[in-house]
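Working notes, beginning with the structure itself.
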Amino acid sequence: MDQEHGGHYSYALRYASLTAVYDPVVRRTCRETKFKSELVRQAGVSAGDLALDLACGTGTLTVQLKESCLQADVVGLDGSDEILVTAREKAAGAGVALSFYHALSYEMPFEGARFDRVISSLFFHHLNSEHKQQTLEEVHRVLKPGGELHVADWGKAPNAFFRAAFGVVQLLDGFETTRDSVAGRLPDYMENAGFTRVAETSRVLTPLGSVSLYRAVKPVEEA
Ligand SMILES: C[S@@+](CC[C@H](N)C(=O)[O-])C[C@H]1O[C@@H](n2cnc3c(N)ncnc32)[C@H](O)[C@@H]1O
């Protein structure tokens, strides 16, 4: 919890001082390339779409999303101004045009019904129950009817080995916010926020636990 941000906020690796090592740590410990490639494929961003990478961090996924479809508009949002400096540098290095917004996930600075896709990775396990629910309601608000949410985050482990491995993440990121991840409860929050066709679509097993991919759709009749 960081009071400076005026609400519930967690740094990418708990402490601001660890942000500089975030990329190499995630690359080496979480099979990042594997699960982010699957997430990009699942999101299926297409020409003319407006897509949001929610809690984009250093922008790895934001760049991948844009590279998956150069005719789509992709923006990133994160609660840390500091991490967005890295994200902007990464986008410039990749030669892709991306916009980044500094804001909290449950108070997004966007008009309603604006996005075709919202995509997010390794984020929801940082939020307490109240902010998980508020964030998913915000995502529902900013998506167009028929728009889709695609998430990759720590999920229910398939066995005791991967459950035990996840203890390392819990020690770093805290037990309160990760409890729902362990129990596989993120889909319940999505349904409570008004999403339909909510599904866990696949799992990627990593040395630090099981990453679940989820899909959820904002129903068309709510236009
Ligand atoms: C573990 S990092 C994941 C970053 C990136 N999505 C990835 O997959 O590498 C979590 C990110 O969530 C951001 N964050 C935490 N709480 C937030 C909030 N309430 N609103 C927006 N961003 C938040 C942090 O600044 C951090 O960049």
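First listed ligand is number 1; within each ligand, the first listed atom is number 1.
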Atoms of ligand 1, numbered as shown, that sit under 4.0 Å from any heavy atom of [X]:
X: H126; answer: 1 (C), 10 (C)
X: C56; answer: 5 (C), 6 (N)
X: L127; answer: 19 (N)
X: Y106; answer: 19 (N)
X: S80; answer: 25 (O)

Counting only heavy atoms closer than 4.0 Å, does ligand 1 sit against the backbone of [X], its side chain, both, or neither?
X: T60; answer: neither
X: S120; answer: neither
X: H131; answer: neither
X: L104; answer: both

For this session: Tell me yes or no: between the side chains of D23 and T58, is some donor less than 3.5 Å from an acceptor?
Result: yes

Exercise. Among G76, G79, G57, which residue places a heavy atom closest to atom 21 (C) of ligand 1?
Worked result: G79

For this session: Ignoring hydrogens, just give me the one of S121, A55, A152, S105 whose non-hydrogen atom is nearest atom 18 (C) of ligand 1.
Result: S105

Exercise. So, is D78 polar-close to ligand 1, with some N/O to N/O distance under 3.5 Å?
Worked result: yes

Exercise. Mind checking whether K36 has an N or O less than 3.5 Å away from an N or O of ligand 1?
Worked result: yes

Test item: [X] side-chain N/O and [Y] main-chain N/O as donor-acceptor pair under 3.5 Å:
X: S120; Y: V151; answer: no
X: K218; Y: H140; answer: yes
X: D116; Y: D49; answer: no
X: R31; Y: L205; answer: yes

Problem set entry | Check against salt bridge (charged side-chain N to carboxylate O under 4.0 Å, His left out), E137 and R141 | CA-CA 6 Å; E137 283 163 15; R141 180 184 72 77; over 6 Å; no

Problem set entry | salt bridge (charged side-chain N to carboxylate O under 4.0 Å, His left out) contacts touching residues 182-194 (sequence neighbours left out) | D180-R185

Exercise. Taking only residues two or more places apart in sequence or in another chain, which ones pass ring pair (Phe, Tyr, Trp, His ring centres under 6.0 Å) with Y101?
Worked result: F110

Exercise. For atom CZ of F175, is the number of surrounding heavy atoms from other residues, nucleotides or ligands below 6.0 Å larger than 12?
Worked result: yes

